[in-house]
Structures are given as C-alpha cells and as structure tokens.
Participant: 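One structure, as structure tokens, below. Some questions next.
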Amino acid sequence: MNKPVSLVKDGKLAIPSPDVLGFDPHELHRKYHFERDRRLRPDGASQYQDVEGDLDHYKDDPYIAERIERVPVQETIEVAILGGGFGGMLMAARLQEAGIRDFRIIERAGDFGGTWYWNRYPGAQCDVESYIYLPLLDETGYMPKEKYSFGPEIYAHAQRIGRHYDLYSRAYFQTQVRDLRWDDADARWIVTSDRGDVFRARQVVISSGSLNRPKLPGLPGLRNFKGHTFHTSRWDYAYTGGSYAGGKLDKLGDKRVGIIGTGATGIQCIPHLGNAAGHLYVFQRTPSSVDERRNSPTNPEWFKTLTPGWQRDRNDNFTKLLVGVAVEEDLVNDGWTELFKSLGQLLDGSGAADLTDAELKQLGEILDFQHDNRIRARVDATIKDPATAEAAKHWYRPWCKRPTFNDEYLPTFNRPNVTLVDTGGLGVERVTEKGVVVDGVEYELDCLIFATGFEVSRATYTHQAELEIIGRNGVKLGDYWARGMRTYHGLMSHGFPNCYHMGFTQTGYTPNFTYMLDNQSRHLAAVFSDVKARGVKALEPTKQAEEEWLALVTAPNAMTDYLANCTPGYYNAEGNATSNNDGFLQGHYPEGGLRFYEMLAEWRVKGDYAGLVVR
Ligand code: NDP
C-alpha cells in the first residue's frame, strides 16, 4: 500500500521509514533484481528464430482478396517512399503540401495502414490518445469516435488519408522493394522490386517500420506442432471465426487454444480469446503492467470547438509534459502524462531542484514503486484466485517494457475456461506435435497463437526491411551498420546520399510515433523542396558529422543505467546490450523530441547544410 507522504523536505530528500511509506524500497529493489536475473539468458536476442524458409508462411498476407496482376513499370521520379504506413503517408502528404507531387509509395501489403494493416487481431487499439495518435485529423476533419480508437477505425483512417491526398494513384501495393542501388553518375537511386519494376529516384525515404517483421521463439519442436498456428500480426479469422470489425470468435467454442506472449498485443487479444475459446491457456514468461484504460466517447461539441492547428498544439503539449517542460494544462491527461508528471510536479512543488543526480535517481525509483504498487493492487482487486493474481504482477520499472492499459485483460482470468500458465520467467520449454510443454507438463492444444512480437535489432535493419541498400562505392548498408546504426540526425548515413530513414533510433524520442513521423516528414519535405529549388543533386553526411552525431546519441545517459537494470525485453536488447548503440530505447538525441525538431528547424534555417557534402 502507498501512503501519500512527502519524499522531499526543504529541498532535501527525506525518504520516510517503510512503515510510513507503506512499503520497503530496498525490498522492492531486491525483488526487481531477482526477477530480472532469473530471466537473463546468454543467447539474448538470438533466442528468437527467423521467420523464413519453412516458417515463411507465418508472414503470408491473409488479408489480400486477390493478387494484383500488373506489368512492371519503369519510372524516373523525384521521391520513392518505401512503406505505406503512417510514416510513408505523412511523408507523401507533407511532400504534396510542399509542392512535390512526383513521388511513388511502394508497399508490400495490399493497402495503406502499415502496422494497422497487419495487426488486425481482435481488440487492437491505440494506446496513445487517438486525438494525437491518428495523423492528419486537422487536415481531413475526421473526429475519432473515442479517446482510444480501435484498430478498424485507425485502419479506415489510413485509407481516408489515402483518398484525401489522392495517394492511391501514386501507390504500388503488393510490391516489395528488393534493391536500392546508388547510381553516382546520375545521382539517383535505382529502386528495383519483386515485380520487376525499376524506379530511378532522386530521393529515397524508407519508412518500413521498426516493428514490422514477426518473430517466433526458438523453441525446440516448433515445427512439429500438428494443430493450427499463426502469429498475431497475421490473424486467421477464417480459423477463429468473428471478424476484424467485431463479433465473437465463434469457431473457437470447441477448441483448446494456447497463446504465447503477454506483451501489449497479448493483453489486447487475450480477453477476446477467453470470451470464445473452449479453453484458453495463456503461457506467460513476464507479466505486463496493466493500468486502467479510461476510454470514453468523443464529445462532438468539444470537437467542434477545435481550431486549426489544434492537433499540433495538443501533440506539443503532450510531448512537453513527457520531457519535463512545464505546461499550463495537461490536455491529454491520461496514463502516459500521469507517469511523467509525478516527478515533475513533486520537484516543482517542493523546491527540490537542488537534489543531486543520485538523489533524483533514488526519488525516481520510489515514485515508480508507488506507481507500480497501485497497478499491482489493481491485480489483487481484480483476479479472484490469489495464486493467479500473484503470477500476473509485474516486477520491473515502467519503462522496461511498454506499459499497457486495458480493463478486460485481468478479469479474463476469473473465467473458468481460462488458465494462466506462468512459466516462472523461463518461458515455454518446447512444442510437441500435440501442444506446449511448460515445466515438464504438456498442454494439449488445437491452436497455438504467437503473440511474441517483432524482430528488433539495429544490426539487421535491411534484414527487417527485406531489401539491400547499395550505396556509393558499392558498400552495402547491412555491412556498414553491422555493428549498429550509424547516422547523421538519425536520418541519413555517410556513403548513402539522398537516402533517408524515418524512424526512431538516433533521432529525438517521443512516445507518440505518429507525431515523431510527422515532424520527420515535415523536415524532409522542406529539405527536398529546398534542394530542388537550389538545383542540388545530392546531399550526404560527412564521416566526421556522422561520428559526432553517433557520439552524441550514444553517450551514456539516465536511460542507459535505467535499462541496464531492467528485466529483459526488446527495449534493452534482452538484457544483453553490448553498447549504448544497442537496444530499442537506446541511442537517442539527449535533449528529447521537441528540442530535436527545433534543432532540425534551426539547421534548415541556417541554410548551409552543416555536416553534409553538397553536390
Ligand atoms: P512484445 O515483444 O512486446 O511481447 C512478446 C511477448 O512474447 C512477451 O510477453 C514475451 O515475454 C513473450 N515471449 C517471447 N518468447 C517467449 C517464450 N519462449 N515463452 C513465453 N513467452 C515468450 O510483442 P507485442 O506484439 O506484444 O508488442 C510489440 C510492440 O508493439 C509493443 O511493445 C508496442 O510498442 C507495440 N504495440 C502497441 C500497441 C498499442 O496499443 N499501440 C498494441 C500492441 C503492440 P518476455 O516479456 O518475457 O520477453
């Protein structure tokens, strides 16, 4: 239990005794480390197996009605955009606004939507507020139905953007780019696809997604399972019944269903499986932290009051709060802002600005404990069986794994047809023809679903995107980045002129990815329009600029220590980070997202392309 006690007095740290505090911070610290240590494994990220060869079917697209037949095209264009998710669409929209219409979007899927095209599992929902997460609401005038939209609405919004900006006429779907080759004489990229297309593009923007390639655990016997199986990012409604639009998964009534994985995806789809399956076994290695969802319908009267620019202002407000900049009002006011506000408010109100770094670290840990104790108390209050409740509690700090928000997940374990199989941090032992073995016990299954996430490794960027990028002098990006990403501004790389990577790593971090992608799109659209006006053929970072950027973004920071103490997961390279250029949450602009976008704007205004060789 937490008691509302002051942790700072007269500008000094004053941690009360456990009796007054309601818990013992040293005890919890030890517990967190114990839980982390028993999950650490020497094979780290290589515990997962690649979804290719005879496992390739886990990547098949179950959503395309029919294969598009078309002749290969040969086109010379200004910009090739790889990826038709929100990143690629924002890039296209911002290019159009900047007067550049000569672009193509090339996308492997059958439509726009990216992650929302693939992840159509039941219960899929955005966990950042829809008013800031769904892009281009201001421009399209669309009002999300709820504070947190469900997947079908978000997917439909992607199509709305496609129509609004006339992107369908400039998109090639069901097309996978295989090769990007820099033609130095012509200062263009030669982009070739699996359809035999050849695009000669001045600029290439890659927005292939950071969590796009499904991964499977490297379990012995996985190939032997004789029942039905699929990954959550390729949901098989033909087998489960129901549909993405809704409805019960009515074909599962007589089935024994197993699901491996209790991350953000598992949390959202497990209630639907529990509601439908004859019996559901949830195989858990590490529990998620599951806070309240607090969803609500959008008030149309409020929406009518919004004036142009509102979405950007709201996003700025959210991002400011998350980087500790004071705001007059918390517009989003949800679980995310709550997580960030606690430390900020405490410091503001108590004159604790003089605390040392070590004291701030200690204070931060105690505030996290208080936050997580509340979430663990919620588990006890919801799950009736005490042993199941105990197993469902997470023992790590909030940023070790994606925090989740859901009101149906925990009650699912009160159903008589649902069993939580806790693997004690060790994971599933093996798969047999009939099912799954945990701690020597075989659980027979008709269907095994993998909610085991996506490949994340800096070194395998081109592997994830399933393409090769061959830059100046024939250097492959896969080789150049073999020991981690090397970029300037997180966007471009030495030896690879006019090739831009949209995404997360080595840029300024903000938890709302669409806002991050929008800022990058605006920046690149401004750069492309400027180089066009100036007749510049190629921009490429100097080796020195790249080295300096790398040193800046990989310098140890507060997050380095935080993640090193985390339970394993993809945020910290499964606890095996060998450098600060490893792991999903490492390698970021130290001053945060907002300052990063400001810095890019200042860089553009100066107009000298600092750090770049201009041709
Ligand atoms: P994650 O990588 O987060 O989770 C994978 C799950 O599989 C973990 O629970 C992991 O356990 C478990 N697992 C892996 N191997 C084994 C094994 N051998 N035995 C038992 N369990 C195993 O993938 P998700 O698809 O859940 O989420 C990926 C990301 O996608 C999220 O972090 C989030 O960024 C995004 N997302 C966002 C959503 C949103 O609301 N906006 C919704 C869904 C996803 P362990 O933790 O021990 O490794």
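Nothing fancy with the numbering, it's 1 onward along the sequence. Whatever order the structure lists ligands and atoms in, that order sets their numbers, starting from 1.
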Participant: Please confirm whether Tyr133 comes under 4.0 Å of ligand 1, counting heavy atoms of the residue only.
Facilitator: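 Contact absent.
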
Participant: Please check whether Thr265 reaches ligand 1 - meaning an N/O of the residue sits under 3.5 Å from an N/O of the ligand, judged on distance alone.
Facilitator: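 Right, the criterion is met.
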
Participant: Around atom 21 (N) of ligand 1, find the nearest protein heavy atom and jot down its residue, atom name and distance.
Facilitator: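 It is Ile260 CG2, 3.4 Å.
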
Participant: Do the non-hydrogen side-chain atoms of Trp336 and Pro511 ever get within less than 4.5 Å of each other?
Facilitator: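 A side-chain contact exists here, since the closest heavy-atom pair is under 4.5 Å.
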
Participant: State whether the shortest distance between N or O atoms of Thr286 and N or O atoms of ligand 1 falls below 3.5 angstrom.
Facilitator: yes

Participant: Hey, looking at atom 29 (C) of ligand 1, which of Phe405, Trp116, Phe454, Tyr570 has the closest heavy atom?
Facilitator: Tyr570

Participant: At what distance is the nearest protein heavy atom to atom 19 (N) of ligand 1, and which residue and atom is it?
Facilitator: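 Protein heavy atom at minimum distance: Val428 N, 3.1 Å.
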
Participant: Could you walk me through whether Thr115 and Asn119 satisfy the side-chain hydrogen bond (donor to acceptor under 3.5 Å, both in side chains) test, starting with their C-alpha distance in whole Å, then the side-chain angles of each, then the deciding distance to 0.1 Å, before giving a yes or no?
Facilitator: CA-CA 6 Å; Thr115 196; Asn119 289 280; 3.1 Å; yes

Participant: Only heavy atoms count here, so choose which of Pro511, Pro214, Gly261 is nearest to atom 12 (C) of ligand 1.
Facilitator: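 Residue with the shortest heavy-atom distance to the ligand atom: Gly261.
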
Participant: Picking from Val418, Thr382, Val282, what satisfies side-chain contact (heavy atoms from CB on, under 4.5 Å) with Thr412?
Facilitator: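 Result: among Val418, Thr382, Val282, Val418 is the only option passing the side-chain contact (heavy atoms from CB on, under 4.5 Å) with Thr412.
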
Participant: Please list the nearest protein heavy atom to atom 18 (N) of ligand 1 with its residue and the distance rounded to 0.1 Å.
Facilitator: Pro217 CB, 3.6 Å

Participant: Looking at atom 4 (O) of ligand 1, what's its closest protein heavy atom, distance included?
Facilitator: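 Of every protein heavy atom, Gly263 CA, 3.8 Å lies nearest to atom 4 (O) of ligand 1.
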
Participant: Tell me the contacting part of Ala264 for ligand 1: side chain, backbone, both, or neither, using a 4.0 Å heavy-atom threshold, strictly below.
Facilitator: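 The answer is both.
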
Participant: Given Arg402, Arg285, Lys401, Lys215, which one has a non-hydrogen atom that is nearest to atom 46 (O) of ligand 1?
Facilitator: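 When every heavy atom of Arg402, Arg285, Lys401, Lys215 is considered, Lys401 comes closest to atom 46 (O) of ligand 1.
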
Participant: Parallel, tilted or perpendicular, judged at 30° and 60°: which one describes the rings of Trp118 and Tyr63?
Facilitator: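 Judged by the thresholds at 30° and 60°, the geometry between Trp118 and Tyr63 is tilted.
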
Participant: Check whether any N or O atom of Leu219, backbone or side chain, sits under 3.5 Å from an N or O atom of ligand 1, and answer yes or no.
Facilitator: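 Leu219 vs ligand 1: no N/O contact under 3.5 Å.
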
Participant: Measure centre to centre between the rings of Phe504 and His588, then say whether the value is under 6.0 Å.
Facilitator: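 Centroid separation for Phe504 and His588: below 6.0 Å.
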
Participant: At what distance, to the nearest 0.5 angstrom, does CZ of Arg36 lie from CG of Asn565?
Facilitator: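 Between Arg36 CZ and Asn565 CG, I get 5.5 Å after rounding to 0.5 Å.
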
Participant: Walk me through it: do Glu153 and Tyr142 pass the test side-chain hydrogen bond (donor to acceptor under 3.5 Å, both in side chains)?
Facilitator: CA-CA 11 Å; Glu153 185 184 12; Tyr142 181 67; 2.6 Å; yes

Participant: Taking the side chain as every heavy atom from C-beta outward, state whether Leu280 and Ile259 have any atom pair closer than 4.5 Å.
Facilitator: yes

Participant: Which residue owns the protein heavy atom closest to atom 43 (C) of ligand 1, what's the atom, and how far is it?
Facilitator: Tyr121 OH, 3.2 Å

Participant: Touching ligand 1 at all, Leu211? Heavy atoms, strictly under 4.0 Å?
Facilitator: yes

Participant: Nearest to atom 6 (C) of ligand 1 by heavy atom, Ser288, Gly266, Ala451, Gly453: which?
Facilitator: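 Looking at heavy atoms only, the winner is Ala451.
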
Participant: Checking salt bridge (Lys or Arg N to Asp or Glu O under 4.0 Å) against Asp407, which of Arg293, Arg378, Arg294 comes through?
Facilitator: Arg378

Participant: Could you tell me whether Asp127 and ligand 1 have an N or O pair separated by under 3.5 Å?
Facilitator: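 Yes - when backbone and side-chain N and O of Asp127 are compared with those of ligand 1, one distance drops under 3.5 Å.
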
Participant: List the closest protein heavy-atom neighbour of atom 9 (O) of ligand 1: residue, atom name, distance to the nearest 0.1 Å.
Facilitator: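 The closest one turns out to be Thr262 N, 3.0 Å.
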
Participant: So, for Trp481 and His501, is the gap between ring centers shorter than 6.0 Å?
Facilitator: yes

Participant: If you take the centroid of each ring, where Trp contributes its six-membered ring, are His157 and Tyr155 closer together than 6.0 Å?
Facilitator: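 No - the distance between ring centres of Tyr155 and His157 does not fall below the 6.0 Å cut-off.
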
Participant: Can you sort out which atoms of ligand 1 are near Gly427, meaning under 4.0 Å from one of its heavy atoms?
Facilitator: 19 (N), 20 (C)

Participant: Can a non-hydrogen atom of Tyr396 be found less than 4.0 Å from any atom of ligand 1?
Facilitator: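 For ligand 1, residue contact (heavy atoms, under 4.0 Å) with Tyr396 is absent.
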
Participant: What is the nearest protein non-hydrogen atom to atom 40 (O) of ligand 1, stated with its residue, atom name and distance?
Facilitator: Gln125 O, 2.8 Å

Participant: Please find the pair of heavy atoms, one from Gln176 and one from Glu466, that lie closest to each other, and give the distance.
Facilitator: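 Result for this residue pair: NE2-O, 3.1 Å.
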
